[in-house]
Undergrad: 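Take this structure first; my questions come after.
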Number of protein chains: 2
Amino acid sequence: MADIKMPTRLLFLREEELRQGIELLYFAYRDFTRGPDEILSEYGFGRAHHRVIYFVGRHPGMTVSDLLGILRITKQSLSRVLGQLVEEGFIIQDKGERDRRQRLLTLTEKGVELERQLSQNQRERIARAYRNAGADAVEGFRQVMLGIVDEADRARFDRPREPGA
Amino acid sequence: MADIKMPTRLLFLREEELRQGIELLYFAYRDFTRGPDEILSEYGFGRAHHRVIYFVGRHPGMTVSDLLGILRITKQSLSRVLGQLVEEGFIIQDKGERDRRQRLLTLTEKGVELERQLSQNQRERIARAYRNAGADAVEGFRQVMLGIVDEADRARFDRPREPGA
DNA sequence: TTTTTATGTCAGCCATGTTGACTCATTTTC
DNA sequence: GAAAATGAGTCAACATGGCTGACATAAAAA
């Protein structure tokens, strides 16, 4: 449908624009993860541990299924890293009250501290990019990124409300 | 510096905004890579092969060093996947004319076809997101993403010029 | 001529994904 | 109340793709 009477130079621009989009995602992600990776290696942890710590910090009391749904990995893969994090005292598991089969996950103080250390690096990087680009650009960024995310997960990004507002 | 007389609710909004930024990157990247991953597995390839095919397609005749610089992995890691791609006829290596130590990398026809198949999925995803968000949003997306990328690599995203313009 | 550079190679390690099979406790359904 | 479904965990084996270290070769640069 895009090739109905479109001059070659416009096709070229479009192709180039889309490829730059692909590469922005690749380079941004590559650079975005390097900071935390370095910190993690001091603890003998990897990126998988970071993801677990991040999302448990973000959703205290979440279940193992919730976490599996976000990470989209198998429970066997998760269990390895989660087990280590529990073992080493970064996360605690409590039986659910409503459903006692569930294991509700929460960061310990130690876990909270590591989480902050890890995400601080990323928050700073994002903050700098937002500040330099300006509010309108940030809104555009949000919209495009939301469009790239699978429809099923977009609801996670509903507008935040002020606490008590 | 951000904590000079800033009301709690604004701090909360800022924190929430930054965390959403972190998560947009995580979810977008996760979903962006799944399509190609499925195609690749039919060939017995992985994401690493995709990256090599992509960048060689993007920069025909690039050297091994160039590629290592982009991927930021060791030559031993690269050699595994690159070797397979050469072996199976997706990439050819030619000695450099100016410097005969170099191996200049180019996609074969077969390689070009696989590259298109792989990136088509991603181009479509980006195109849809761009279309739905609109031109201004795309510009904002570009600016923010560029701010996230390490300064050293931003020059890769200089504005494209029309061929022959 | 010596040194440096671009590339390749062998060997082994680690992190993190996968599948498949099975257990256990608890909740839900009939 | 018995049977089925669900949430979670475990063991074993395997694949991918990072890593380090040591060494080899050809060509360019000093």
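These values consider heavy atoms only, across backbone and side chains, with no hydrogens, waters or symmetry-generated copies.
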Undergrad: With no hydrogens and no angle check, is any side-chain donor or acceptor of Arg100(A) less than 3.5 Å from a backbone partner on Lys95(A)?
TA: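 No, the answer is negative, given that no donor and acceptor are paired below the 3.5 Å cut-off.
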Undergrad: Backbone N or O of Asp31(B) within a donor-acceptor pair of the Asp150(A) side chain at under 3.5 Å?
TA: no
Undergrad: For Glu88(A), does its backbone N or O pair with a side-chain atom of Lys110(A) as donor and acceptor, under 3.5 Å?
TA: yes
Undergrad: Would you indicate what Gln84(A) reaches in the nucleic acid, counting non-hydrogen atoms under 4.0 angstrom: base, sugar-phosphate, or nothing?
TA: nothing
Undergrad: Just how far, in rounded Å, is P of dC19(D) from CG of Leu78(B)?
TA: 11 Å
Undergrad: Heavy atoms within less than 4.0 Å of DNA chain D: which residues of residues 96-103 of chain B have one? Give them sorted by number.
TA: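 Within this stretch, Arg98(B), Asp99(B), Arg100(B), Arg101(B) sit under 4.0 Å of the strand.
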Undergrad: Just how far, in rounded Å, is P of dG7(D) from CE of Met62(A)?
TA: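 Rounding to the nearest Å, CE of Met62(A) and P of dG7(D) are 14 Å apart.
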Undergrad: Taking any heavy-atom pair under 4.0 Å as a contact, classify Arg80(A): base, sugar-phosphate, or nothing.
TA: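 Base, at least one base heavy atom under 4.0 Å.
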Undergrad: Please confirm whether the backbone N or O of Gln102(A) pairs with a side-chain atom of Thr63(A), one donor and one acceptor, at under 3.5 Å?
TA: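 Not at all, since once roles are kept as given, no pair shorter than 3.5 Å links the two residues.
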Undergrad: Where does the angle between the aromatic ring planes of Phe141(B) and Phe141(A) fall among parallel (under 30°), tilted (30 to 60°) and perpendicular (over 60°)?
TA: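 Geometry flag for Phe141(A) against Phe141(B): parallel rings.
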Undergrad: Look at His49(B) and dT16(D) and indicate whether a side-chain polar atom (N or O) is within less than 4.0 Å of OP1 or OP2.
TA: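 For His49(B), the contact criterion (side-chain N or O under 4.0 Å from OP1 or OP2 of dT16(D)) is not met.
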Undergrad: Which residue lies toward the 5' end of DNA chain C, Arg72(A) or Lys95(A), if each is placed at its nearest nucleotide?
TA: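 Upstream on the strand: Arg72(A).
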Undergrad: Nearest 0.5 Å please: distance from the CG atom of Leu40(A) over to the CG atom of Leu114(A).
TA: 6.5 Å
Undergrad: Output yes when a side-chain donor or acceptor of Ser119(A) lies under 3.5 Å from a complementary backbone atom of Gln122(A), and no otherwise.
TA: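 Absent.
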Undergrad: In this structure, which one of Glu17(A), Glu23(A), Glu16(A) forms a side chain to side chain donor-acceptor pair (under 3.5 Å) with Gln20(A)?
TA: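 Checked Glu17(A), Glu23(A), Glu16(A) against Gln20(A); only one passes side chain to side chain donor-acceptor pair (under 3.5 Å): Glu16(A).
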Undergrad: Nearest whole angstrom, please: distance from the P of dA8(D) to the CG of Asp66(A).
TA: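 Going from Asp66(A) (CG) to dA8(D) (P), I get 8 Å.
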Undergrad: What is the distance, to the nearest angstrom, from the CG atom on Leu82(A) to the P atom on dA15(C)?
TA: 17 Å
Undergrad: Phosphate oxygens OP1/OP2 of dG21(D): is one of them under 4.0 Å from a side-chain N or O of Gln76(B)?
TA: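 Checking Gln76(B) against dG21(D): no side-chain N or O falls below 4.0 Å of OP1 or OP2.
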Undergrad: If I take atom CG in residue Leu40(B) and atom P in nucleotide dA15(D), what distance separates them, rounded to the nearest angstrom?
TA: 18 Å
Undergrad: Answer with yes or no whether the side chains of Glu124(B) and Gln120(B) bring together a donor and an acceptor at under 3.5 Å.
TA: yes
Undergrad: Starting from P on dT19(C), measure out to CD1 on Ile73(A) and report it in whole angstrom.
TA: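 Rounded to the whole Å, the gap is 12 Å.
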Undergrad: Just how far, in rounded Å, is P of dA6(C) from CG of Leu68(B)?
TA: 11 Å
Undergrad: Would you please indicate yes or no on a ring centroid separation below 6.0 angstrom for Tyr29(A) and Phe32(B)?
TA: no
Undergrad: Does a nitrogen or oxygen in the side chain of Ser79(B) sit under 4.0 Å from OP1 or OP2 of dG8(C)?
TA: no
Undergrad: Lys75(A) side chain: which of dA8(D), dC19(D), dT16(C) is closest?
TA: dA8(D)
Undergrad: Using a 4.0 Å heavy-atom cut-off, does Ser65(A) contact any base of the nucleic acid, only the sugar-phosphate backbone, or nothing at all?
TA: sugar-phosphate
Undergrad: Respond yes when some side-chain nitrogen or oxygen of Ser77(B) is under 4.0 Å from OP1 or OP2 of dG17(D), and no when none is.
TA: no
Undergrad: Which angle, to the nearest 10 degrees, lies between the helix axes at the two ends of the helix from dT1(C)-dA30(D) to dC30(C)-dG1(D), each defined by five pairs?
TA: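 End-to-end axis angle for the helix from dT1(C)-dA30(D) to dC30(C)-dG1(D): 30°, rounded to 10°.
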Undergrad: Rounded to whole angstroms, how far apart are CD1 on Ile91(A) and P on dG9(D)?
TA: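 From Ile91(A) CD1 to dG9(D) P: 11 Å.
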